Engineer: 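Below is one structure. I have some questions about it.
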Amino acid sequence: MKNLTDTLTHLGEDHKKYFNAVCPPIIQSSNFIFDTVQELKDAISDELNHHIYTRGNNPTVNILRQKIAALESAEDALVTSSGAAAIAASVMSQVKAGDHVICVNKPYSWTYKLLSNLLTRFGVEVSYVDATSVDEMRGAIKTNTTLLYLESPNSLTFEISDLRACAALAKEHGLVSMIDNSHCSPIFQRPIEMGIDIVIHSATKYLNGHGDVVVGAIASSKEIISQIFNNEYMTLGLNISPHDANLVIRGLRTLELRMHRSDETAHKVVTFLKAHDKINKVIFPLDPDFPQYELAKTQMTGCGGLITVALNADDKASVMRFVEAIEKFLMAVSWGGYESLMIPSITFHDMPGVPDSPIPWTYVRFYIGLEDADYLISDLEQALDKI
Ligand SMILES: *Cc1c(COP(=O)(O)O)cnc(C)c1O
């Protein structure tokens with residue numbers, strides 16, 4: 001990775017181009033002017049590297065692209081209108097009718113829908129495998145497999161895939177490997193340095209970090225980024241607005257600080273939860289009791305703020321009492337912002353016409369934001385008393 005401090009503070013910014021302003025301007029323009037036909041021609045033949053039209057390229061968005069590429073040790077990056085857009089564009093760029101994708105079990109919900117519903121309509125097959133087993137991945141490879149899709153740690157129960165082994169497996173069989181790296185952010189895990197081909201982010205989470213923008217990112221080689229840009233990105237119209245890009249640039253200024261704060265507080269909350277008799281299990285990849293702790297340590301330098309617990313509750317009513325007694329963790333989807341959040345698995349049980357979630361109803365996922373550890377622990381303590 002390039003120097004982290006320099007990336008977050010300066011990379012991609014050129015004050016001389018904008019009146020020596022400290023903060024880069026928001027170039028809120030849909031299109032850009034040319035003096036000669038030749039200049040316009042040259043630009044159109046290489047739109048990724050010229051400012052023609054903001055659906056393709058915009059100076060404010062480009063600052064963000066450069067920072068994200070550097071953070072992920074990638075040659076280039078694209079910023080998209082959502083994490084889901086980044087996933088869909090990247091996956092679609094690597095498949096055609098008749099191809100087969102191997103994906104880890106229970107990926108992010110809209111990744112699952114992309115693979116199981118949308119792409120099957122276009123003749124793309126998918127197999128889901130145990131994220132913890134490289135042997136199972138190897139066994140799932142067919143002659144038409146083109147893509148290995150990973151999410152490590154995985155959603156909700158945080159299974160870890162051995163990224164170096166997965167990258168080697170993909171290379172050996174000519175597959176493209178891809179990972180959703182939203183959980184760790186590039187502060188704590190850099191898959192491209194371990195041989196993975198494409199990294200995507202829900203930048204809505206840590207990269208922006210303030211709960212006010214929906215945004216995604218794709219980081220990869222120049223070749224893959226250019227291929228995605230010229231096909232999926234431009235045709236589907238996946239760009240974000242310069243305004244939103246500016247908010248994410250601002251969010252990145254504190255990315256390193258925020259990640260370390262969330263991570264340190266999460267460790268303290270984990271220590272409290274593990275000692276509490278109303279908690280059956282705490283799932284946190286960098287806790288020594290986590291089954292894949294040793295592997296996690298070889299590829300993650302931190303964990304961030306996501307913690308899942310299994311409550312020691314005999315009935316659904318006591319789970320409800322706990323959840324509704326919590327005051328400081330807001331009950332909401334998403335995570336990665338300044339504010340602590342929680343989402344109980346019980347939400348996804350007993351929904352009319354929908355199969356129950358495979359995650360037991362005693363599970364609750366917490367996200368630790370930037371608040372003080374004692375402030376959060378005392379809230380958990382009073383709510384646990386209600387079980
Ligand atoms: C939120 C999330 C996404 C989707 O990102 P959006 O920005 O909401 O489109 C993808 N993967 C993971 C792991 C997420 O948490």
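Each ligand, and each atom within it, is numbered from 1 in the order the structure gives. Values in this document were obtained by computation on a predicted structure and should not be read as measured data.
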Engineer: Decide yes or no for C166 and M137: does some side-chain heavy atom of the first lie under 4.5 Å from some side-chain heavy atom of the second?
Structural biologist: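 Side-chain contact under 4.5 Å: yes.
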Engineer: Check the angle between the aromatic planes of H183 and W335 and answer parallel, tilted or perpendicular using the 30° and 60° thresholds.
Structural biologist: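 Plane angle between 30° and 60°, so tilted.
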Engineer: Put together the list of close N/O pairs, under 3.5 Å, between ligand 1 and the protein, could you?
Structural biologist:
{"unit_1": "ligand 1", "atom_1": "5 (O)", "unit_2": "S202", "atom_2": "OG", "d": "2.9"}
{"unit_1": "ligand 1", "atom_1": "7 (O)", "unit_2": "G83", "atom_2": "N", "d": "2.9"}
{"unit_1": "ligand 1", "atom_1": "7 (O)", "unit_2": "S202", "atom_2": "OG", "d": "2.9"}
{"unit_1": "ligand 1", "atom_1": "7 (O)", "unit_2": "T204", "atom_2": "OG1", "d": "2.6"}
{"unit_1": "ligand 1", "atom_1": "9 (O)", "unit_2": "G83", "atom_2": "N", "d": "3.0"}
{"unit_1": "ligand 1", "atom_1": "9 (O)", "unit_2": "A84", "atom_2": "N", "d": "2.8"}
{"unit_1": "ligand 1", "atom_1": "11 (N)", "unit_2": "D180", "atom_2": "OD2", "d": "2.6"}
{"unit_1": "ligand 1", "atom_1": "15 (O)", "unit_2": "K205", "atom_2": "NZ", "d": "2.6"}
{"unit_1": "ligand 1", "atom_1": "15 (O)", "unit_2": "W335", "atom_2": "NE1", "d": "3.3"}

Engineer: Cation over ring, K316 on F322, under 6.0 Å and within 45°?
Structural biologist: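 Not satisfied by the 6.0 Å and 45° rule.
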Engineer: Check this for me: E223, atom CD, are more than 12 non-hydrogen atoms of other residues, nucleotides or ligands nearer than 6.0 Å?
Structural biologist: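 At most 12 heavy atoms, drawn from other residues, nucleotides or ligands, come within 6.0 Å of this atom.
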Engineer: Partners of E327 by salt bridge (Lys or Arg N to Asp or Glu O under 4.0 Å), sequence neighbours excluded?
Structural biologist: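 Scan of E327 (salt bridge (Lys or Arg N to Asp or Glu O under 4.0 Å), adjacent residues dropped) gives none.
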Engineer: Can you see which heavy atom on N144 is nearest to which on G98, and at what distance?
Structural biologist: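 That would be ND2-O, 2.9 Å.
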